[in-house]
Amino acid sequence: MAESPRPKRKREEEEDGGAALRDGAAATAAPFPLAELRLRRVLRESARDKAVFLHGEVTGASGEGTDAVIILEKTPFQEEKLSDLLKKHTKLELQMRNDIYSTYHLYPPPELSEIKATVVHPATEKHLQKYLRQEAHLIRETWEDYKNITLPFIQSQSFSVQWVYNILEKKAEADRIIHENPDPRNGFVLVPDFKWNQNQLDDLYLIALVHRREIKSLRDLTAEHLPLLRNILQEGKEAIAKRFGVPGSQLRIYLHYQPSYYHLHVHFTALGYDAPGSSVERAHLLADVIDNLALDSMYYQKRALTFALRADELLLKKFQEAGRV
Ligand code: M7G
């Protein structure tokens, strides 16, 4: 197996006895009361990703129930822990043997069988919708559609971006920042995405959040934003190479359209990782976006853009009402 460079952060965590594992705000807050959660339904499960998305209810002191989304996900193997796993398993139970072939149930000790748990609480109806398995439909959105249907919709309906402001203002995840360009116009903050536990590089995932607050998405970009986008591309690659040893040629760097959160951000994922949302109907490579804007400042105010919407999404209903689907 090829020796992969270990994230510097990982080494720091070991050196400081794990204290760096606890993130700013999260370090002081009480853990989510998982045991008190009442499971309402499974929103989605994926055998391939070894993940399950749950809708639960938490009963508060007043007896009132609030919704929560819990994502449970088996994490990738960590190369440096494999020998431990083989040596320290609690049980190896034979399942079947045939000639030279045999399969087993291997029961690892708790410290080697982590499940990553992501909690959204209190969750809104829109969060439940986001994680619910549904049929999807492709939309081809013209600029007119954007102005008449999508823009009014996102202005009235979109997710709160408070978590983004917390990062930009160092109120949350401050100790996770990998790189910052503090320029208010052309600067950004690069942090690990919360989909990545930073234990291995196979599923490396970071996001760059721009300091400017008025750029909602790809649709707002013009040549005026080229210096900002070029900074993100250049400095983001440099920071990731320096910290994690992954070269720019092994990164997939892209924007989502539509995003879930309408504050401009750029995704950085390992090229070998089939990250959720990296499909052609959603991901726009940053290098291509830069080239398109350099060719035509109004490129994203002229062309139609394709994206998928889930069957229950209100935006799909709006497109249907307008006779555009
Ligand atoms: P998106 O394209 O707006 O939506 O990307 P998506 O979630 O449908 O892909 C937002 C990105 O921000 C996603 O990759 C999320 O995993 C990530 N993200 C969302 N939240 C709420 C947080 C957070 O609180 N902290 C961090 N570090 N990342 C987050």
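Position 1 is the first residue of the sequence, and the numbers go up from there. Ligands are counted one by one from 1 in listed order, and the atoms in each one are counted from 1 as well.
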Engineer: Can you tell me the protein heavy atom closest to atom 23 (C) of ligand 1 and the distance?
Structural biologist: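 The answer is W163 CE3, 3.2 Å.
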
Engineer: Can you confirm whether E36 is buried at CD, in the sense that more than 12 heavy atoms of other residues, nucleotides or ligands lie under 6.0 Å from that atom?
Structural biologist: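 No, not enclosed.
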
Engineer: Would you mind listing which atoms of ligand 1 come within a distance below 4.0 Å of any non-hydrogen atom of I207?
Structural biologist: 12 (O), 28 (N)

Engineer: Using 30° and 60° as the class limits, which term best fits the ring planes of F307 and F319: parallel, tilted or perpendicular?
Structural biologist: perpendicular

Engineer: Quick one: do R213 and E169 make a salt bridge, cutoff under 4.0 Å?
Structural biologist: yes

Engineer: How far is atom 1 (P) of ligand 1 from the closest protein heavy atom, and which atom is that?
Structural biologist: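 Looking only at protein heavy atoms, the one closest to atom 1 (P) of ligand 1 is H265 NE2, 3.2 Å.
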
Engineer: Taking distance alone, with N or O pairs closer than 3.5 Å, would you say P192 contacts ligand 1?
Structural biologist: yes

Engineer: Would you say the ring centroid of W196 lies under 6.0 angstrom from that of F244?
Structural biologist: yes

Engineer: Which option out of Y131, F194, Y205, Y261 puts a heavy atom nearest to atom 28 (N) of ligand 1?
Structural biologist: F194

Engineer: Before giving the answer on side chain to side chain contact (heavy atoms under 4.5 Å, CB included), spell out for K170 and E180 the whole-Å C-alpha distance, their side-chain angles and the decisive distance to 0.1 Å.
Structural biologist: CA-CA 11 Å; K170 320 283 158 42; E180 175 169 17; 2.9 Å; yes

Engineer: What residue and atom, counting heavy atoms only, is the protein's closest point to atom 25 (N) of ligand 1, and at what distance?
Structural biologist: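 Going atom by atom, the protein heavy atom closest to atom 25 (N) of ligand 1 ends up being E173 OE2, 2.7 Å.
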
Engineer: Any idea which protein heavy atom is nearest atom 2 (O) of ligand 1, and the distance to it?
Structural biologist: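 For this ligand atom, the closest protein heavy atom is H256 ND1, 2.5 Å.
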
Engineer: Do F32 and H121 make the cut of ring centroids closer than 6.0 angstrom?
Structural biologist: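 Between H121 and F32, which both carry aromatic rings, the centre distance is below 6.0 Å.
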
Engineer: Give the residue and atom name of whichever protein heavy atom lies nearest to atom 7 (O) of ligand 1, and the separation in Å to one decimal.
Structural biologist: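 Scanning the protein heavy atoms, the shortest distance from atom 7 (O) of ligand 1 goes to K130 NZ, 2.9 Å.
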
Engineer: Answer with side chain, backbone, both or neither: which part of R282 has a heavy atom less than 4.0 angstrom from an atom of ligand 1?
Structural biologist: side chain

Engineer: Quick check: H265 with H267 (ring centres under 6.0 Å apart)?
Structural biologist: yes

Engineer: Identify which one of R303, R324, R219 satisfies the side chain to side chain donor-acceptor pair (under 3.5 Å) criterion when paired with E141.
Structural biologist: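 Passing option: R219.
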
Engineer: So between V161, L255, D193, T269, whose heavy atom ends up nearest atom 11 (C) of ligand 1?
Structural biologist: D193

Engineer: Please list, in number order, the atoms of ligand 1 under 4.0 Å from a heavy atom of P259.
Structural biologist: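 Under 4.0 Å from P259, ligand 1 has these atoms: 2 (O), 3 (O).
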
